[in-house]
Trainee: 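For reference, the structure I am asking about is given below.
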There are 2 protein chains.
Amino acid sequence: MKRPTIHDVAAAAGVSRGTVSRLLNGDKYVSPAARAAIERAISETGYVVNRAARSLVTQRTGTVAMVMSEPHAKFFEDPNYSTLTRVAVRMLAERDMSLVMMLAGDEGDRERVVRYVRGGHADGVLLVSTHAGDPLVDALAAGPPAVSCGAVIGRETIIPYAATDERLGARQMAEYLVGQGRRRIAMITGPMDTPGGIQRLEGFADVLGRKASRKLIAHGDWTQASGERGMAELLARAPDLDAVFVASDLMAAGALAALRAAGRRVPDDVAVGGFDDSSVAVSTHPPLTTIRQPLAEVAQETIRLLLALIDGAGHVDPVVLPTELVIRESA
Amino acid sequence: MKRPTIHDVAAAAGVSRGTVSRLLNGDKYVSPAARAAIERAISETGYVVNRAARSLVTQRTGTVAMVMSEPHAKFFEDPNYSTLTRVAVRMLAERDMSLVMMLAGDEGDRERVVRYVRGGHADGVLLVSTHAGDPLVDALAAGPPAVSCGAVIGRETIIPYAATDERLGARQMAEYLVGQGRRRIAMITGPMDTPGGIQRLEGFADVLGRKASRKLIAHGDWTQASGERGMAELLARAPDLDAVFVASDLMAAGALAALRAAGRRVPDDVAVGGFDDSSVAVSTHPPLTTIRQPLAEVAQETIRLLLALIDGAGHVDPVVLPTELVIRESA
DNA sequence: TTGAAAGCGCTAACAA
DNA sequence: TTGTTAGCGCTTTCAA
């Protein structure tokens, strides 16, 4: 048996298709009697609206495209993705909208995304971990509203976003380390083309001032191996360091291994501070003192911005949420 | 300016809409001349097919719904999700199909999924980490094809799936521990309503036989905390144990902490084997000897099964792929 | 090999 | 407050 259409519902309720449509779309001009009859007819027939048909006439799709860049190895771990996905799906579902996933890895992917979005298949775009200078951003400019979870470097004024106050988080950690009496504080940063890479270093420098010398800074790529390498490098350059702020927990786990290999005790000889408060933070030995980000709130705000734009808001302001220091044993 | 339609392309190419449509759909009856003219017209106008319109007539949506249950805390970590998502998006994109994400957490979610799918909005359903006895499975039975990434307990013959050979993996670990000369081998399992929980225990029991006494088995819920608790419990019940197989790396990290607290050296006093080969496995101290699952292949096979079914295959066989022992330092 | 034309199911403008 | 009706853009017979 075929799926019932609005026509079947109208027939069963003894009204016209137009009236059923009005009810479906929350129009106020529907009499109580008609309403009751239609609602009964809907549940009797098991009617479900055909989105394709609706979309054909409304020019809306009820769809948001989540576009994931896939940079660094971080992707595989990143709780951002799962949290954001869940929050997005949930919030969209409340409005009967759906989330479609797209990858923007290579040129082919990107072209597909542009075709899809410009082809009118999405009412909005949700960017995630977009690279600085990603051509996709400008290619998308002419289409439906787009927002980013986390700022898009260099496009902060063009793409609205919600994000963690990374710089604040880095400051919190740096201040904590200083407060613990540490004198020679080093840092291992993330990639310098990501907000986390840049801003966590900025926050660190805010606090350390000129003590944050080049000698005490190493760069990683979010992987554990890079944390290990970075730490070894720092140890070679500044053997007298007594603390290190590592821009991610995973890299911090690598740093811990390098310190252990060098025979340094943590936190006695060297204090180690992480960032993210990920699952890794509690599985290392010792567990990491780190910075927690309000991931769920950031996700929520991101979607809120996008929905506002889809609803016609001409402009929305970025949202930046505070981080929190989590003290464990490594510092 | 409005988006060009098939009509504009037809006009620009000097043919009828029907001919353009035939070309678009790979019909063979299109003359080379017409083909060339149409292709030029398409690129000149920047035409993109309107899926809603197409879908209205074909009754196909070009969409697969990925339905995620969200059980245990494991979700947040699970590399399954990210790998599966990427693979699915990529494979579907090749056929110009898209992946929409749905949550099946509570009753409301589930109802929404059923409405969506039975409402004809998806050509196929991809189930992930579905609970044993989840009513969703039967509710979906009447709709479009569904497959699962990982077996659905109790519905193995109804929902085709691709999965890791969990039982084999557990056997590999158990055999390795025995081969290392361990005599009193304990196990911390996952939840006993998940394939990983059940089958990893079965594999363990396959090898240990009656040595796998109840006394040596503790149950966890995939969280690190549960691994720690489980280990403490085992240590209390069987202080003489000299090895433990923990059903996930994250739980194994917890077990490591409990062993450390109890003053046991790893692997000297107690060998620890994990499962998953996740990022946690290399961040613990010592790094975990564990079991690697071919996640990408499993994902790929899952999608292959689904596509076959969507293409009309009446029946497909489940696919089970082998695991691999990864030796590090914990055992 | 091609064109013409009939819908697919729905919304929204208009008339009643 | 309701019914009628004209499309939305596409595929797919059917005839030519």
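Letters A, B, ... mirror the listed sequences (proteins, then strands); counts begin at 1.
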Trainee: Any side-chain heavy atom of Asp165(A) sitting closer than 4.5 Å to one from Leu321(A)?
Mentor: no
Trainee: In a table with atom names and distances, give each donor-acceptor pair under 3.5 Å that connects a side chain of residues 4-11 of chain B to protein atoms at least two apart or in another chain.
Mentor:
| residue | atom | partner | partner atom | Å |
| --- | --- | --- | --- | --- |
| Thr5(B) | OG1 | His7(B) | N | 3.0 |
| Asp8(B) | OD2 | Thr5(B) | N | 2.7 |

Trainee: Can I get a per-line list of side-chain donor-acceptor pairs under 3.5 Å for residues 304-312 of chain A, giving both atom names and the distance, sequence neighbours left out?
Mentor:
| residue | atom | partner | partner atom | Å |
| --- | --- | --- | --- | --- |
| Arg304(A) | NE | Glu301(A) | OE1 | 3.0 |
| Arg304(A) | NE | Glu301(A) | OE2 | 3.4 |
| Arg304(A) | NH2 | Glu301(A) | OE1 | 2.5 |
| Asp311(A) | OD1 | Arg95(A) | NH2 | 2.7 |
| Asp311(A) | OD2 | Arg95(A) | NH1 | 3.0 |
| Asp311(A) | OD2 | Arg95(A) | NH2 | 3.4 |

Trainee: By salt bridge (charged side-chain N to carboxylate O under 4.0 Å, His left out), which residues pair with Asp134(A), not counting sequence neighbours?
Mentor: Arg110(A)
Trainee: Keeping to residues at least two apart or across chains, list the ring-ring contact (aromatic ring centres under 6.0 Å, His included) pairs with something in residues 87-130 of chain B.
Mentor: Tyr116(B)-His121(B)
Trainee: Kindly write out the residues that satisfy side chain to side chain donor-acceptor pair (under 3.5 Å) with Gln300(B), not counting sequence neighbours, or none if the list is empty.
Mentor: none
Trainee: Under a 4.5 Å cut-off applied to non-hydrogen side-chain atoms, are Ile159(B) and Leu140(B) in contact?
Mentor: no
Trainee: Could you check whether any side-chain heavy atom of Val125(A) comes within less than 4.5 Å of a side-chain heavy atom of Val67(A), counting everything from C-beta outward?
Mentor: yes
Trainee: If we fit an axis to the first five pairs and another to the last five of the helix from dT1(C)-dA16(D) to dA16(C)-dT1(D), what angle do they make, to the nearest 10°?
Mentor: 30°
Trainee: Taking only residues two or more places apart in sequence or in another chain, which ones pass side chain to side chain donor-acceptor pair (under 3.5 Å) with Asp96(A)?
Mentor: none
Trainee: Run the salt bridge (charged side-chain N to carboxylate O under 4.0 Å, His left out) test against Arg155(B) and tell me which residues pass, sequence neighbours left out.
Mentor: Asp138(B)
Trainee: Specify the residues of residues 115-123 of chain B, ordered by number, for which at least one heavy atom lies under 4.0 angstrom from an atom of DNA chain D.
Mentor: none
Trainee: How does each nucleotide of nucleotides 9-16 of chain C score, in 5' to 3' order, for protein heavy atoms under 4.0 Å: base (B), sugar-phosphate only (S), or none (-)?
Mentor: BBBBB---
Trainee: Is the closest side-chain heavy-atom distance between Thr85(A) and Met66(A) below 4.5 Å?
Mentor: yes
Trainee: Walking along DNA chain D from 5' to 3', note the first and the last nucleotide with an atom under 4.0 Å from a heavy atom of chain B, and give both.
Mentor: dG9(D) to dT13(D)
Trainee: Looking at residues at least two apart in the chain, or sitting in another chain, which of them share a side chain to side chain donor-acceptor pair (under 3.5 Å) with Thr61(A)?
Mentor: Asp123(A)
